[in-house]
Asker: 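First, the structure itself, so that you have it in front of you.
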Amino acid sequence: MSEFMPMEPANQTFSELMSNGVKYTVPRFQRDYSWEQEQWEDLWADIEGLDQEGFHYMGYIVLQRKNQQDFEVIDGQQRLVTLSLLVLATMQHIQRLIDKDEDAENNQERLQEITGRYIGSKDIVSLRVSSRLTLNRNNGRFYKDICSNLRPPQARGITATNNLLKQAFNFFCDKNVGNSGEEIAEFINRFSSRLIFTKIVVQDSLNAYKVFETLNARGVQLSTPDLLKNYIFSVVTQNDDVADETLDELDETWSGILTQLGENDFTDFVRYYHNSHRPLVSKKELFKSVSQLYTAPEQAHGYLKSLTEAVPVYASLSNPYDEWWQREDGKYREAIHFLDALKLFGIRQPYTILMAAFLQNFSPDEFIKTLKYLYILSIRYNVICSYSPSEQEKRYNNIAIKIAEGEFRRAGHIKNSPDYRALYPADEAFKNAFEYYKMPSRRSSKKIRFLLAEIEKNAGRNVRYLDTTLEHICPYNPDQAWRQHFGEGANDISDRLGNMVLLEQDYLRQADFEAKKVHYLKTPFRLAGKVAEYDHWDLANLNRYQSWLADQAARTWRVD
C-alpha cells in the first residue's frame, strides 16, 4: 500500500489513538454526527464478542496533521465520537458509585485517570473539560457539555444530530459494564486495547483526497464529498465574515446536493460537470483542479451555486425514469429510451456533452438529437467494438467545451465535428466486430434483449425488450443430439448473438431445430423468422446468420 500513500499506514488500538496528549478536531464543516441505533447495536455486539475474538478491526481512520499533536479527522469521526460516548457513559456508572459513597476515593481517582486518558483535561476553575476530541460547529458545544457533566444538556429544541448524541450516550448508559469501579475500569481497558484502527496521516487535503480515491477504488468507501465540502466551505469563510444563518443555508444547499445524488455518485457528478466546461481531468486530478480554481470566497460561492444548478441535470440523466422527462409537455419523452440504454450498459461518458448541452439551453429537439447521436456512438464504440474510453473522454471533452463556449449550438455541429467523426466506428469495423460478438447471456440477458429488440424495430417489428424472453437456438446446455451439429464447439457458440432470438415465451428449450423452426415461423418476431429460413442449424449457418445480423445492426445504429 505504501506506493499509493503519502505516509505508511499504522495499526493502533483505540487506547493508543487517544494517548500521549493527542488532540483530534472534526473540521468545522464536516458532516454532523449521524450514527443511529443500528450502528450502536453493531458496535456493542462487536465489543461483546471481544472475549471470543480477542481483537476487532475498526477500519481506516484518515487524519490530517496540523502540528505534532493536533490532527483533523478527515474520515472516522462517527467511530471516534461513538467510542468516546461509550467511555463517557461508563464514567457515569463510576460517578454513580461515587454519589453512593461506594469506594468513593478510589473511584474518584479512577474517574480522573479515565478523563485524562480518553476525554481531556478539566479546568480547575470552570470544571469544564477541554476535550481531546472537538466536534464540528453543530455538535461541538453539546458534546463538550456531556464531557463536562457526564450527562446530556436538558435544553429544549435539541437539533436532530445532537439528539443522536444524546440517544447514543443513553444507549451505552443502559448497558451492564460492571458493578464496581474496578470492573468498570477493566471494561474500558479491555475494549480500548482490543479495537484496532488502521491510521493514515496525511500532510494536506490534496494528499487526503488521493488516499480517499485509492481506498475507494479498492472498495473501502470513504467520504469524498466531506473532503470537498470542507475545502469549499473553508474558502467561503476564510475572511471570517460569514453569518451563521448564511452557513446554515450553505449547509442545506450541500445536503440537498447529496440527497439528490447519494454519496457514491457525487464524485462522478463533480467530475462530469467539471469536464463539461473545463479541460479534462481524471478522478485523481479532480480535487487538485478544484482547489486551484476556487481560492477566493466569491469563487467558492459561485462554484457552489453552479453545482446546485447542475445537480438536477445530472440526477435526471442518470435516472431515465425521473419524472422530469415526462413533464415539459412531453418534449423530452423520447430521451427516456436513449438514457435507459446508457444506464443499462453502464455508459456515462456522454454525460459530459449532455450536461453542457442542457446547461447551454439546447432546444428539446436539439438535445434529443444530441442524445441519439451519442447513444448510437455508444453502441458502436463502447458496446460492440469495445474501444478505449480514455480516448473517448478526451474527444467528448473537446466537444463539451465548444458547447460551453457557444461554438456548437446544435446537434449537427456535434455530429459533424472532427472529434465525433474520429470516434465513430466505420461500418466495416463495426460489422467485423459484430459478426463474432459474444455476451454472457446468463448475466446479460437484458442487454442482449435490448440489442435484438432494437434490430427488430429497425426491421419493422416494434417491441419492448422488457416484454420479451431470450431463446437460445442451440440450447445453452445442448444435449447429445444438438452436439452432433456443433461437436465440441457447441459450448463456444451458446453466448454468440447469432445463436439467440427473441420470443414472447421460451418453452422450446431442448427441442430440435425442426420443431423450433415451426414455432419461429408462427411468431411475429422478424429475427426468429429469418432463422427459420435455414434448413439446419450448424456453425456455418450460424456464421451466415450473424453476418446478416451484423448488416442489420449497422443499419440500426447509423448516423449518416
Side-chain angles (χ1 to χ4, degrees), residues 228 232 235 253 257 260-261 265-296 298-318 322 324-325 328 331-332 335 338-339 342 347-378 381 389-424 559:
L228 187 59
I232 294 298
V235 173
T253 298
I257 291 173
Q260 290 184 71
L261 292 177
D265 270 353
F266 179 85
T267 305
D268 284 336
F269 156 64
V270 173
R271 180 168 171 260
Y272 285 123
Y273 173 61
H274 182 286
N275 292 343
S276 72
H277 61 292
R278 293 190 179 278
L280 183 72
V281 296
S282 65
K283 277 189 177 182
K284 291 181 179 179
E285 299 166 327
L286 179 60
F287 186 83
K288 180 179 180 181
S289 180
V290 170
S291 60
Q292 289 174 340
L293 285 168
Y294 309 107
T295 57
E298 60 274 12
Q299 292 173 328
H301 260 295
Y303 180 60
L304 187 55
K305 182 181 178 184
S306 69
L307 289 180
T308 306
E309 293 169 350
V311 69
V313 178
Y314 181 86
S316 294
L317 289 173
S318 54
D322 187 299
W324 191 90
W325 301 112
E328 302 296 314
K331 293 176 182 177
Y332 288 95
F338 303 125
L339 292 171
L342 296 181
I347 299 169
R348 292 189 170 194
Q349 291 87 350
Y351 292 173
T352 300
I353 293 175
L354 294 171
M355 291 183 76
F358 205 95
L359 293 171
Q360 286 299 312
N361 298 313
F362 272 35
S363 71
D365 284 346
E366 292 298 329
F367 178 82
I368 289 170
K369 284 180 186 176
T370 299
L371 176 54
K372 182 177 180 180
Y373 295 151
L374 294 172
Y375 151 73
I376 290 171
L377 181 55
S378 296
Y381 187 98
S390 60
E391 175 65 19
Q392 187 181 39
E393 284 199 335
K394 291 176 189 174
R395 293 191 177 275
Y396 278 7
N397 177 241
N398 292 340
I399 294 171
I401 288 175
K402 286 183 169 65
I403 295 171
E405 293 176 349
E407 185 177 342
F408 288 179
R409 298 182 301 280
R410 298 194 304 274
H413 293 154
I414 298 167
K415 176 189 72 168
N416 295 319
S417 69
D419 288 302
Y420 185 94
R421 288 170 175 267
L423 291 172
Y424 185 86
V559 173

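This one's a predicted model, so the numbers in the text were calculated from it and none came from an experiment.
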Asker: Looking at Met355 and Leu317, what are the two nearest heavy atoms and their distance?
Answerer: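 Smallest heavy-atom distance, with atoms named: CG-CD1, 3.7 Å.
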
Asker: What are the two closest heavy atoms between Pro312 and Thr308, and how far apart are they?
Answerer: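 Answer, listing the atom of Pro312 first, then Thr308: CD-O, 3.2 Å.
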
Asker: Do NZ/NE/NH1/NH2 and the carboxylate oxygens of Arg410 and Asp365 come within less than 4.0 Å?
Answerer: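 Looking at Arg410 and Asp365, the cut-off is not met.
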
Asker: How long is the gap from NZ on Lys331 to OG on Ser363, to the nearest 0.5 Å?
Answerer: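 Result: 9.5 Å between the selected atoms.
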
Asker: Determine the minimum heavy-atom distance between Glu366 and Gly412, stating which atoms define it.
Answerer: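 Scanning both residues completely, I find the closest heavy atoms to be OE1-N, 4.3 Å.
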
Asker: To check you understand the geometry: which heavy-atom pair defines the closest contact between Ile414 and Ser417, and what is its length?
Answerer: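 For Ile414 and Ser417, the tightest heavy-atom pair comes out as O-OG, 2.8 Å.
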
Asker: So, does Ser318 use its side chain to make a donor-acceptor pair with the main chain of Ala315 at under 3.5 Å?
Answerer: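 Judged by distance alone, yes, a pair lies under 3.5 Å.
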
Asker: Answer whether the closest heavy-atom distance between the side chains of Tyr381 and Glu391 falls below 4.5 Å.
Answerer: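 When only atoms from C-beta onward are counted, Glu391 and Tyr381 do touch, with a gap below 4.5 Å.
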
Asker: Between the side chain of Gln299 and the main-chain N/O of Ala296, is any donor-acceptor distance below 3.5 Å?
Answerer: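 Yes, Gln299 side chain to Ala296 backbone: donor-acceptor pair under 3.5 Å.
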
Asker: The test is side-chain contact (heavy atoms from CB on, under 4.5 Å); show your working for Val559 and Tyr375 and say whether it passes.
Answerer: CA-CA 10 Å; Val559 173; Tyr375 151 73; over 6 Å; no

Asker: Should Phe266 and Ile257 count as side-chain neighbours, where that means a heavy-atom distance under 4.5 Å?
Answerer: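 Heavy-atom side-chain distance check passes, below 4.5 Å.
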
Asker: Donor-acceptor pair, distance only, cut-off 3.5 Å: does the side chain of Asn397 make one with the backbone of Glu393?
Answerer: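 Such a contact is absent between Asn397 side chain and Glu393 backbone.
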
Asker: According to the interplanar angle, ranging from 0 to 90°, do the rings of Phe367 and Tyr332 count as parallel (below 30°), tilted (30 to 60°) or perpendicular (above 60°)?
Answerer: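 Ring orientation of Phe367 relative to Tyr332: perpendicular.
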
Asker: So which heavy atom on Ala400 is nearest to which on Ala356, and how close?
Answerer: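 Looking at all heavy atoms of both residues, the shortest contact is O-CB, 3.9 Å.
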
Asker: So, taking the atom named CD in Gln392 and the one named OH in Tyr420, what distance separates them when rounded to the nearest 0.5 Å?
Answerer: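 The distance works out to 10.5 Å.
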
Asker: Are the side chains of Glu309 and Lys305 in touch, meaning some heavy atoms are under 4.5 Å apart?
Answerer: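 Yes, side chains in contact.
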
Asker: With side chains defined as the heavy atoms from C-beta onward, is the minimum distance between Arg278 and Leu293 less than 4.5 Å?
Answerer: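 Yes, at least one pair of side-chain atoms sits under 4.5 Å.
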
Asker: Parallel, tilted or perpendicular: which describes the rings of His274 and His277, with under 30° parallel and over 60° perpendicular?
Answerer: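 Judged by the thresholds at 30° and 60°, the geometry between His274 and His277 is tilted.
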
Asker: For the residue pair Trp325 and Phe338, is the inter-centroid distance of their aromatic rings smaller than 6.0 Å?
Answerer: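 Aromatic pair excluded; centres sit 6.0 Å or further apart.
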
Asker: Applying side-chain contact (heavy atoms from CB on, under 4.5 Å) to Val270 and Leu286, what does each step give before you reach the verdict?
Answerer: CA-CA 8 Å; Val270 173; Leu286 179 60; 3.9 Å; yes

Asker: Please report the interatomic distance CG(Leu228) to OG1(Thr267), rounded to the nearest 0.5 Å.
Answerer: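 Here the interatomic distance stands at 8.0 Å.
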
Asker: Looking at Ser291 and Lys288, would you say the former's side chain and the latter's main chain have a donor-acceptor pair under 3.5 Å?
Answerer: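 Present.
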
Asker: Side chains of Leu261 and Asp268: closer than 4.5 Å at any heavy-atom pair?
Answerer: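 They are not in side-chain contact.
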
Asker: CD1/Ile401 to CD1/Ile353 distance, rounded to the nearest 0.5 angstrom?
Answerer: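 Separation between the atoms: 11.0 Å.
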
Asker: Could you state the interatomic distance from OH (Tyr396) to CD (Gln349), rounded to the nearest 0.5 Å?
Answerer: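 Result: 7.5 Å between the selected atoms.
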
Asker: Could you tell me whether Lys394 and Asp419 make a salt bridge, using a distance below 4.0 angstrom between a side-chain N and a carboxylate O?
Answerer: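 Not counted as a salt bridge, because no side-chain N and carboxylate O are separated by less than 4.0 Å.
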
Asker: Can you check whether Ser282's main-chain N or O pairs, donor with acceptor, with Glu285's side chain at less than 3.5 Å?
Answerer: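 Confirmed, Glu285 side chain pairs with Ser282 backbone.
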
Asker: How close do Leu359 and Ala310 get, heavy atom to heavy atom, and via which atoms?
Answerer: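 What the structure gives for the nearest pair is CD1-CB, 4.2 Å.
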
Asker: Under 6.0 Å between the ring centres of Tyr314 and Tyr351?
Answerer: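 Yes - the distance between ring centres of Tyr314 and Tyr351 falls below the 6.0 Å cut-off.
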
Asker: Start with the C-alpha distance between Leu342 and Leu374, add both sets of side-chain angles, then the distance that settles side-chain contact (heavy atoms from CB on, under 4.5 Å), and finish with yes or no.
Answerer: CA-CA 9 Å; Leu342 296 181; Leu374 294 172; 5.9 Å; no

Asker: Taking atom NZ of Lys402 as the centre, report whether more than 12 heavy atoms of other residues, nucleotides or ligands fall under 6.0 Å from it.
Answerer: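 Atom NZ in Lys402 is crowded, with more than 12 foreign heavy atoms closer than 6.0 Å.
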
Asker: If you apply the rule side-chain contact (heavy atoms from CB on, under 4.5 Å), what do you find for Ile232 with Val290, and how did you get there?
Answerer: CA-CA 9 Å; Ile232 294 298; Val290 170; 4.2 Å; yes

Asker: Any chance you could measure Lys415, atom NZ, to Ile376, atom CD1, to the nearest 0.5 Å?
Answerer: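 Reported to 0.5 Å precision, the distance equals 10.0 Å.
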
